[in-house]
Number of protein chains: 2
Amino acid sequence: MKHINLLKEHHLKVTPQRLVIVNSLYEEGHITIDRLYTILKNNFTNISLATIYKNIHLMEVNNLIQEVKIPNHKSVYEIVKEEHSHIVCTNCSNIIDITLNTDELKQQVKLVSNFHINHSCIVFDGLCHDCVA
Amino acid sequence: MKHINLLKEHHLKVTPQRLVIVNSLYEEGHITIDRLYTILKNNFTNISLATIYKNIHLMEVNNLIQEVKIPNHKSVYEIVKEEHSHIVCTNCSNIIDITLNTDELKQQVKLVSNFHINHSCIVFDGLCHDCVA
DNA sequence: CTGACTGCAAACGTTTTGCACGGTA
DNA sequence: TACCGTGCAAAACGTTTGCAGTCAG
């Protein structure tokens, strides 16, 4: 099974449950707790939601994954990687990553506010190619 | 009390509780359920959280207010107005509105995705002027 | 071998629901 | 007056905690 090193690099013990969680995150890109529970039940008959929540929390704290809050949707989790934005299809709920240049935007922010900005969180919604038809 | 027309325009009956809710939204800009409960308790000794949730839900459905989801924070509600972005201070949790020109950003999105975009939701975090010191 | 992880059950906080009463239009 | 809104209590959710047994390192 892949992704063993990802767990080790983030100082997490390698367990079968964690490997399936990380693998699911890679395969699906963005995943809800519910979806994770469904997947884990297929692999471990006695899987507990508590185990999922505990692991999600640990992985967040260790910066392996992060929560993405999306308007009018349940939160999803994703593997931490370089900063990027999200587009959500309001019809089929599909979520994709996009990399944008936000320099110009941050420049605007600097002009109109006196905040010292750290991160930006940008989510678009609309219709994906399939759902436009 | 002001804001009676705002309720009427959104097809909501005018009640004392609703007037205080709308008034609080105007005065504070962004407000959590908890904060609303604290305020309403000062005005109505027997106010129920159920009343607050029911009204918040109704006002959302009638497009008078909207939820703003903020990374690592409780959701806040605000009066619906022209599209704008938010900056949150990671130290004092203060939230301010900013109006940005997102044309260039949406142009980028158009180039790298085949979505038909509707809305954008942009939240920055950082330190406000007071907290930098 | 030791500490960490799992599964279970219970607890917890938040949000929703049903109902009887009271108020708005 | 008729319907809608309120407050209360209970229920429904989602998430967290404590514990005993098991497993990874």
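Both backbone and side-chain heavy atoms feed into the values below; hydrogens, waters and symmetry mates do not. Naming convention: chains lettered A, B, ... in sequence-line order (proteins, then strands); numbering from 1 in each chain.
Judged by closest nucleotide on DNA chain D, R18(B) is the one of N46(B) and R18(B) placed further toward the 5' end. Annotation: of the two residues near DNA chain D, K8(A) and K54(A), the 5′-most nearest-nucleotide partner is K54(A). Take the nearest nucleotide of DNA chain C for H57(B) and for L12(B): the residue whose nucleotide is more 5' is H57(B).
Using bins of under 30°, 30° to 60° and over 60° for the plane-to-plane angle, the ring pair H30(B)/H86(B) lands in the perpendicular bin.
Separating the CZ atom of F44(B) from the C1' atom of dG23(C) is a distance of 13 Å, rounded to the nearest angstrom.
Evaluation of the side chain to side chain donor-acceptor pair (under 3.5 Å) test over residues 34-52 of chain A, restricted to residues two or more places apart or in two chains, returns E28(A)-R35(A), D34(A)-K74(A).
Nearest to the side-chain atoms of A50(B) among the listed nucleotides dA9(D), dG3(C), dT6(C) stands dA9(D). When the nucleotides dT6(C), dC8(D), dT14(C) are ranked by their closest atom to the side chain of T51(A), dT6(C) comes out on top. Distance from the side chain of K13(B) is smallest for dG23(C) among the nucleotides dG7(D), dG23(C), dA24(D).
The closest donor-acceptor contact from the side chain of N62(A) to the backbone of L64(A) lies at 3.5 Å or more, if one exists at all.
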Under the ring pair (Phe, Tyr, Trp, His ring centres under 6.0 Å) rule, what do H129(B) and F115(A) come out as? Steps first, then yes or no, please. CA-CA 6 Å; H129(B) 185 69; F115(A) 271 63; 9.6 Å; no
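Within the nucleic acid shown, T15(B) comes within 4.0 Å of sugar-phosphate atoms alone, with no base atom in reach, counting heavy atoms only.
Residue Q17(A) places at least one side-chain N or O closer than 4.0 Å to OP1 or OP2 of dG7(C).
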